[in-house]
Amino acid sequence: MPKAYVLEMFPYPSGRLHMGHVRNYAMGDVVARHKKAKGYNVLHPMGWDAFGMPAENAAMEKGVHPGDWTYQNIDAMKAQFEKLGLSLDWSREFATCDPDYYGEQQRLFLKFMEKGLVYQKKAKVNWDPVDNTVLANEQVIDGKGWRSGAPVEQRELVQWFFRITDYAEDLLTEVQKLDRWPEKVRTMQANWIGRSEGLQMRFEWEPPTGFTSLDEAEQAFAQDDYDLTKVDSCEYEDLKDALEVSAQGIEIFTTRPDTLFGASFVALSPDHPISIALAESTSEVEDFRAECAKIGTSEADIEQAPKMGYKTGLRVKHPFVEDQTLPVYIANFVLMGYGTGAIFACPAHDQRDFDFARKYDLPILPVVKPSDKETASAAWVASGKGADMDAAYTGPGTIMNSDFLDGQEIAAAKSQAIGQIEDRALGQGTVNYRLRDWGVSRQRYWGCPIPVIHCEECGIVPVPESDLPVRLPDDVSFDKPGNPLEHHPTWKHCTCPNCGKPALRETDTLDTFNDSSWYFARFASVDDPAERAYWLPVDQYVGGVEHAVLHLLYARFFMRAMRDVGEVDLPSGEPFAGLFTQGMVTHETYKTDDDRWITPGEVETRDGGLWEINTDHAVSVGAIEKMSKSKKNVVDPDNIIATFGADTARWFVLSDSPPERDVEWTQSGAEGAGRFVQRVWSVFNALSTAPRDGQPNDSDAATALRRASHKAADAVDKAIEEFRFNSAIASVHEWVTVLKKAEQGAEDILYARFEGAFMLARCLTPFMPHLAEECWSLIGGEGLCSAAAWPDVDQSLLVEDSVTLPIQVNGKRRAEISVAKTASKDDIEATALAEPSVQNFIADKSIKKVIVVPGRIVNIVI
RNA sequence: GCGGAUGUGACGGAAUUGGUAGACGUGCCAGAUUUAGGUUCUGGUGUCGCAAGGCGUGGAGGUUCGAGUCCUCUCAUCCGCACCA
């Protein structure tokens, strides 16, 4: 029996289910129930992503313990879950805040540490001033915290990191092979990893004016013995500062080594260590850095931000051209977070460099002759100076003005330039990634404690496995800002497992994205590697697209890391073979004439307009948006279930829109779904008292009904498999209409009606399990409908004996004919031509050609 | 700017490989049932036209006997990334 691991992203226990959950879990349930009916061994578990900030916020606001708050919410939500009739395996349930779970996570952390996948470093990190914690790069959206929405600040802190970049190449190549993932998500991950091939190289320092070599200058610095009258003091002081940071020169990364001959300056990020060193001794540099930081935080109009530069007194040597030196600028458009935080600029072939060069009047030397003749014939090529360029040229072409690279195509020139740099031992060809290591330290209480101990003697010591889990203390207070674990009087004090001396526990907890990075493996088995290997990977994962980068990237990393420390037998390292990202549930928004958002329940229709109930405030309908508390356009699943029933809610959220798109919740739509439930019931009700001993026969009416049922069951089957639930539902609607009409038919189709009804109940189970079960037992179905196998479709019934063919004349439909399935092309052609309405169109014109596609169409060309 | 999508009735959306555009649902219209409203049921509903017929899948071209579907250009909307060297 093949296995099918069906999983929906587990919820955060906020306390209430929302319609988005209903849609998400309804979809997963359709897949799980369908797979089960098709004979798969199905795993469909559920649990709780239970660590997180809201619990701490509740603790601060209401004085409840985060754990109590969380477990109460879990109870409340589980009750809601149970009403939905989902085929979940609750025997595997856990919450990530269970010590069993996070203890195991701590063990994994230590395994990763042993393997060298974890390290600690002092780094500039994203600090969320509202949540009072650090955020990973992925968790900063548009310069704001992903949860709090507060503008992120930069702080320098010692932090724990996971070496996700070790897997950058693998994460990138493998994501492209996940053919059951949405293209969009694959691209987003690929872009996030951001691979680029190029050259990392060093521009060596030019000695200050007055010295013939760097050695000589250095010696002078070292002995503090130099004659200020001999040198340009600014240059001299700058170089002295810079040498302390980097004696070798400036390391840059470029993807365009082919344009090295067009270099006109080198630029450092304002956050580059050399920039910082210069700022310490020169207030102008400090001012410039401050200026840049200002713009950096007002993120929105980075596009409009003008290029700004500060000219240092530093100069570096051109790697290829003897005696040519380049000035070094600090430039606001160079990011410390990418490459080495320093670039060489070729203004003729990079727009940013171009803008900068224009502003500061630096040389612009074109070195790529465009292959496009029109552009190439422009005046600037002739001038060879680029004085007439109005924009950088970044297209294809051949190299010029470049000594040994002249005449080559760009690609060839790149590799030759890299070769030359390598020969001169100035650098090497490298691959650079945008992805950076995952900072996992969080200064929060309600998370998984990082299981290490800081000892003055022994340094960082892992907590021995026998001491796991490192439990969170229960007696914590949230009355002051910052990390409650840090404030706790005793918790952090311990003895070093190594030397036995007093030591301190790490008080940072793990980013909660760790918790969701391996929970699916825990579902598969608590600790049996063989059972995990059997279930993994997840065959169908269903969840929101908002996790396209964060959760899905981390989980992919975690499986690789777990594989490499021998914790999971998953050669590919890919946790999710199939991914489906569902759309949101939206609703109209309502605003009163005095500018308040109000809930759908507070709106009534009166005098042909919309009004707030029991007031005289007119209501206007706003945009259709994702249900949110702020816009008050929320529909509560509990109310819907009380009014319409769980089946109706499930049916409706799947019916109108394709699953990957947003669906708008409407009252009338929900009522329509409720009507349909009644309609289905009436079909079964009509059969409940009918005699069940109808004999099979092959009357036309019976055969037609059987065809309809088998075709519909087949269509539902295929639509579910292809995640086209809205189409499956449309097929069911048609099917029910046919069965309803058959109630008027003669007695001799009763057996076909029963056959259809049994098949229908079975096909309805994935969508409306309660209704299907009732209907099934109403007509005497054996056992549980949900335990029955998917109906066998009689393939012979899917093919019609005769087919209706449209007849086109010159490509326009003019008539229809009915012919036997087996009719020959000649017969079809003859029948078509004999059709009177066709004759009208042909009249006296001569027929040029007749195209007959059997089973499809006839086209007569005149 | 780069990347990914999406454009079809009043609305959500259907439409194997190019082969009857508008399935199904909502809304609307009409009729039946009902003491009324609601419910339920039946029929109708792309558009212009009395009709014959014409026109119609964001727009403009093209390929084809035949295009929502393929090609070229273009417009609009949404999403992601964004001074990525």
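Numbers restart at 1 for each chain; the letters A, B, ... are given by sequence-line order, proteins then strands.
Taking atom C1' in both B/A15 and B/G68, the straight-line distance is 9 Å, to the nearest Å. The separation of B/U47 from B/C41, taken at their P atoms, amounts to 25 Å, rounded to a whole angstrom. Going from the P atom of B/U40 to that of B/G61 covers 48 Å, rounded to whole Å. A gap of 43 Å separates the C1' atoms of B/G3 and B/C48, to the nearest Å. Between B/U74 and B/A85, the distance separating the two C1' atoms is 32 Å to the nearest Å. Of the C1' atoms belonging to B/G58 and B/A76, the separation is 7 Å, rounded to the nearest Å. On the C1' atoms, B/G13 is 26 Å away from B/A30, given to the nearest whole Å. B/G12 and B/U17 are spaced 25 Å apart, taking the P atom of each and rounding to whole Å.
Residues A/V683 and A/L739 share a closest heavy-atom pair of CG1-CB, 4.1 Å. Across every non-hydrogen atom of A/R23 and A/P658, the tightest pair is NH2-O, 3.3 Å.
The partner of B/A32, taking Watson-Crick or G-U wobble pairs whose two distances both stay under 3.5 Å, is B/U40. Nucleotide B/U17 is matched to nothing when pairs are restricted to Watson-Crick or G-U wobble geometry with both distances under 3.5 angstrom. Using N1 to N3 plus N6-O4 or O6-N4 for Watson-Crick, or N1-O2 and O6-N3 for G-U wobble, each under 3.5 Å, B/G56 pairs with nothing. Pair assignment for B/A51: none, as no Watson-Crick or G-U wobble contacts are both less than 3.5 Å. Pair assignment for B/A10 gives B/U26, based on Watson-Crick or G-U wobble hydrogen-bonding distances that are each under 3.5 Å. As the counterpart of B/A82, no nucleotide is assigned, since no Watson-Crick or G-U wobble pattern has both distances under 3.5 Å. Nucleotide B/U64 is matched to nothing when pairs are restricted to Watson-Crick or G-U wobble geometry with both distances under 3.5 angstrom.
Of the candidate nucleotides B/U20, B/C24, B/C84, B/U20 has the atom nearest to the side chain of A/E816. Listed candidates were B/A23, B/G3, B/A14. Nearest to the side chain of A/T187 is B/G3. Set against B/C83, B/G12, B/U20, the side chain of A/S657 has B/G12 as its closest nucleotide. Comparing B/A5, B/G27, B/C24 by their nearest atom to the side chain of A/E183 picks out B/A5. Set against B/U26, B/G66, B/G3, the side chain of A/Q808 has B/G66 as its closest nucleotide. In the set B/G19, B/A85, B/C84, the nucleotide with an atom closest to the side chain of A/R434 is B/C84. Comparing atom distances between the A/N191 side chain and each of B/G3, B/G25, B/A23 picks out B/G3 as nearest. In this structure, the nucleotide among B/G27, B/A85, B/A23 sitting nearest to the side chain of A/S668 is B/G27. In this structure, the nucleotide among B/G19, B/A23, B/C79 sitting nearest to the side chain of A/A730 is B/A23.
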Query raised in the report: Between A/R679 and A/T737, does a side-chain hydrogen bond (donor to acceptor under 3.5 Å, both in side chains) hold up when you go through it step by step?
Result: CA-CA 9 Å; A/R679 205 167 144 77; A/T737 301; 3.3 Å; yes
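Contact check, A/N726 against B/G25: no side-chain N or O comes under 4.0 Å of OP1 or OP2. Using a 4.0 Å cut-off, no side-chain N or O of A/R256 falls inside it from OP1 or OP2 of B/C84. Remark: A/R675 is not in phosphate contact with B/U39, judged by side-chain N or O atoms under 4.0 Å from OP1 or OP2. In this model, the phosphate group of B/C84 is approached by a side-chain N or O of A/R352 to a distance below 4.0 Å at OP1 or OP2. In this structure, A/R661 does not reach the B/A5 phosphate: none of its side-chain N or O atoms is under 4.0 Å from OP1 or OP2.
In terms of position along RNA chain B, the nucleotide closest to A/L805 lies nearer the 5' end than the nucleotide closest to the other residue of the pair A/L805 and A/E671. Checking A/N859 against A/P806, the closest nucleotide of RNA chain B that is more toward the 5' end is the one next to A/P806.
A side-chain donor-acceptor contact under 3.5 Å links A/W735 and A/S709. With no hydrogens or angles considered, a side-chain donor-acceptor pair links A/Y338 and A/S196 at under 3.5 Å. Between the side chains of A/R556 and A/Q189, at least one donor-acceptor pair of N or O atoms lies under 3.5 Å.
Residue-level contact check: A/V853 touches the bases, meaning some heavy atom is under 4.0 Å from a base atom. Across all strands, A/R186 comes closer than 4.0 Å to no nucleic acid atom at all (heavy-atom distances).
Syn is the glycosidic conformation of B/G9, whose angle stays within 90° of 0.
The CZ atom of A/R813 sits 10 Å away from the C1' atom of B/A21 (whole-angstrom rounding). Atom P of nucleotide B/A85 and atom CG of A/D258 are separated by 13 Å, given to the nearest angstrom. Put simply, NZ on A/K740 is 17 Å from P on B/C24, counting in whole angstrom units. With rounding to whole Å, A/K307 atom NZ is found 10 Å from B/C83 atom P. Rounded to whole Å, the distance from NZ on A/K812 to C1' on B/A52 is 16 Å. Separating the NZ atom of A/K626 from the P atom of B/C79 is a distance of 13 Å, rounded to the nearest angstrom. Atom CD1 in A/I857 sits roughly 12 Å away from atom C1' in B/A21 (whole-Å rounding). One atom, CZ of A/R724, and another, C1' of B/U16, lie 9 Å apart when rounded to the nearest Å.
Between the side chain of A/R856 and the base of B/U17 there is at least one donor-acceptor pair of N/O atoms closer than 3.5 Å. Counting distance only, with no hydrogens placed and no angle test, the side-chain atoms of A/K848 and the base atoms of B/C65 include no donor-acceptor pair under 3.5 Å.
Using the six-membered ring where Trp is involved, A/F203 and A/H318 have ring planes that are perpendicular, over 60° apart on the 30 and 60° scheme. The aromatic rings of A/Y554 and A/W438 sit parallel, their planes meeting at an angle under 30°, below the 60° perpendicular limit.
Under the 4.0 Å criterion applied to side-chain N and carboxylate O atoms, A/E197 and A/R195 are assigned as salt-bridge partners.
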